[in-house]
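Both counts, for ligands and for their atoms, begin at 1 and track the order of listing. Excluded from the calculations below are hydrogen atoms, water molecules and symmetry mates; all remaining heavy atoms, backbone and side chain alike, are included.
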Amino acid sequence: MSSPWSKVSNEPVQTISLADIMSEQYAHRLHDQELKQQQKRQQQNETLPTATPTNAESYSNVASTSAKASQKPTLNSDAGEWEDYSMLLNDEGKEQAEPLPASLLSLLEDEAESDAVIAQMLQSQFDHEYNEELRRIERQQNKQSKVTVTLNKFLRSGDAEFLHDTEAGADDEDDELTCLKQDWDCFETNEKMLDAIPKCGFKLDKEGEMITKHDPQLCGVRNAQRVMSFPPEFPTGDGACFDMKLSNKVFNQLKAYSRRGRADRKEKVATAEMGVDAATRLLLYKLINNQILEQINGIISTGKEAVILHANSDASYTGTNEHGHGNGVLMPAELLPKECAIKVFKTTLNEFKQRDRYIKDDYRFKDRFSKQNHRVIINMWAEKEMHNLMRMQSIGLNVPDVVVLKKHVLVMRFIGDNHNAAPKLKDARLSAAELSCAYEEIVAAMHKLYNEAKLVHADLSEYNILWYEGKCWFIDVAQSVEPEHPSGLEFLMRDCDNIISFFERRGLPNIYTKEQLFEFITALNAETHNAAMLERIHTRGASINQATVPNQTECPDELKPLEYPFELAWEKSLLERQMRQAEAERGQEAKEKVGEDIDQSETKLSNDSDNANNTAKCP
Ligand code: ADP
Ligand code: MG
C-alpha cells in the first residue's frame, strides 16, 4: 500500500534514541564528520584543473562542478551543503523563477563563505517573487477600478536590497525623499500640462494625440493633488506616495465632506472654553499677563452677540507695566475695581449683521464702516459701547466704568457683589416704593441721555437695566445712537414703549403714556414727532438733528417742524397726488387731440390726392 503523501522508502530507518541526539558525544561526532567532509572537499578541489587557488571554495565553481556531475541534490548527500544549495538555486530557481541577476551572482562569489549570506540570498529571491506577485495583483485591480490602489506598502524590502545594485542600509533616507519628490513632481508635471492647455480647450501631445482639460487621467491626478491640500485636520492619508487618481465624482464628495467637517470644527472652536475662540483667549491671556486681571472665573451670561465673563482684577497692578506703559487701562490703578465684567463681542456668528443699521448711519463710525471685514466691525461695536458708556458716565448716569478695551473685548466694572451679578430690572424684587423710584430714575435718565449726552439708548428695556444698591444701572449701550441718526426718533419711541409697558405690567399708577414720555424727553409732542418725521422726508438732505432739535429757539425757522397733525400732512399729500393725476389726464387728452388732428389732416390729404389722380385720369 502506498502513502498518499510520499513514497514509502524500502530502506530500514535508522533508529536513534533521544538521549543519543541530546548527548554531547553525538554533537562532537557530527562536528568531526563535518571537518572530514571539508578536508575531502579541499582535496578534490586541488585536483581540479579549473579551480582557482585563491577562491577554492567559490560558490560558482562548486555550482559548476555539481552541475557537471548532474546529480540530483539532496541536503544530506556526501558532496556537502554548498553544492546542495547551489543546485537548489540553479536548477530549481531556473524552473520556478527568473535567473539570478549578475549582482547576485557576484555577491555569491564574494560571500559564499557565510551561511547568513546564503540565507539572505534565498530570502531575497523569495522577496523578489513575492513582490512580483503583488505587482501583478495591483495591475489587475487597477484595470477594473476607477480608484487606483497601490500595494507598495506591502512590498518586501529584501528584494530591492539584494537584487538591485544598492548597498544594504545605505542612502535609505535619500531614496525615500527622492521617491516622495518624484510623486510630487508627478503632480507638478500634471499641473503644468493642464496649464499648458490653451483657451481653446485642447492641445496635441508629442504623439499627435489630443489632450483636453477634461482628460480623465490629468483630472484624476489633479484631484488627488487637491485632496492633499485639504485642511490638516481632514485625514487624507498620504496620497502622494503612490500614483493616486480620483474621479471628479469621488473628489467632489470628499470636498463636500471636508467642508461639512470644517463648519463643525469652527463651531466647536468658537464654543470651546467659555464660549470664546482662540484669538479671544489670547487677548484674555494678555490681560492677565499684563497684570490687569488676575483670573477669569466664568460666564455671567451668553447672548447672541456677546459673552459676559466674570474676572478678578490684579491687586498688584500699579498702573504701568515693566516697560512703563499703562496697557490701555482707562483709570488710575487705585480705582481699578476688584471685580470686573468682560464683554466679549462674538466674532463667529452672523447675528451682529442685524445691528448694521445702528452703526453704519452713525456719523462717528460712518467713514470707517464701509468695506470693513467682520472682525473690524465687531471691534467697532466694542469701541462704540465704550464711547457710549463714557459719555453717559460723564453726565452722571449710573453705568459700569470702563476699565480697558482690547479689540472686541471690553473690560468694565462688575455690577454686583462677590461674584453675584446684580439682577436685571425684570428679575428684581421691588417694593412699590422702589418700583416708583426706579420709574422716576429711568424717566429722568432718558431725559438726560437725550438732552445732555445727546444719545438714544435704542435697546432700553427691563433687560438692560440692572438693579443694584437701590439704583438703576444702564448697560448694553453698543447700539446707542445720536438723535440725528436717521432712525434715532424711532428708536427713542421704541424705548419709551418698552419702559412704559414694563411699569404698566407691574401696575405702577400715574405714569406717562409712551407718547407723553416721548414728548417729555424730546419736547416734541407725538403729533409733532410724526410731523417732524414727515418733514424730514420733505426736507431731503437736511439734518434731522436741526429739524428735531429739542430746544426750538436754536432751530432755524425754515427747518422748524410744522405744527400740523399727521392727518393734515396726509390730506396735503393726497391733494398733491390728485393734482398730479389731473395734470397727467390733461396731458393725455392733449395728446389724443393732437393725434386726432393728425389723422384728420392725413385723411384730407389722401382725399385731395385721390381727387387729383382722378382729375389727371380724366380726359
Ligand atoms: P447682550 O448684548 O448679550 O444683551 P449685555 O451687555 O446686555 O449683553 O449683558 C448680558 C447680561 O450680562 C446682562 O443682562 C447682565 O446680566 C450681565 N452683565 C453685563 N454687564 C454686566 C456688568 N458690568 N456687571 C454685571 N453684570 C453684567
Ligand atoms: Mg442686553
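The number of heavy atoms from other shown groups lying within 6.0 Å of NZ (K448) is above 12.
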Legend entry - Test side-chain contact (heavy atoms from CB on, under 4.5 Å) applied to L430 and L425, step by step: CA-CA 9 Å; L430 303 176; L425 194 61; 3.9 Å; yes
Inset, instruction - List the steps and the verdict of salt bridge (Lys or Arg N to Asp or Glu O under 4.0 Å) for R391 and E482. - result: CA-CA 11 Å; R391 204 194 267 200; E482 302 207 336; 2.6 Å; yes
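Between M392 and L455, the shortest heavy-atom contact is CG-CD1, 4.2 Å.
Excluding water, every protein N/O/S atom under 2.8 Å from the Mg ion (ligand 2) is given here by residue and atom: N464 OD1, D476 OD2.
For the side chain to side chain contact (heavy atoms under 4.5 Å, CB included) criterion with V329, the lone passing option out of L405, L335, L336 is L336.
Note that the CZ atom of F502 and the CD1 atom of I511 stand 10.5 Å from one another [nearest 0.5 Å]. Going from atom CZ of F474 over to atom CG of N464 covers 10.5 Å, rounded to the nearest 0.5 Å. In this structure, the separation between CG on D476 and CG on L389 is 9.5 Å, given to the nearest 0.5 Å.
The shortest N/O to N/O separation between P400 and ligand 1 does not fall below 3.5 Å. The shortest N or O to N or O distance between E305 and ligand 1 is not below 3.5 Å.
Neither side chain, N290 nor Y317, offers a donor N or O lying under 3.5 Å from an acceptor on the other.
Contacts of N464 with ligand 1, taken as heavy-atom pairs under 4.0 Å, involve the side chain alone. Looking at K343 against ligand 1, only its side chain comes within 4.0 Å, counting heavy atoms.
Taking every heavy atom of F414 and a limit of under 4.0 angstrom, the matching atoms of ligand 1 come to 24 (N), 25 (C).
Counting heavy atoms only, I475 comes closest to atom 15 (C) of ligand 1 of the residues D476, I475, I308.
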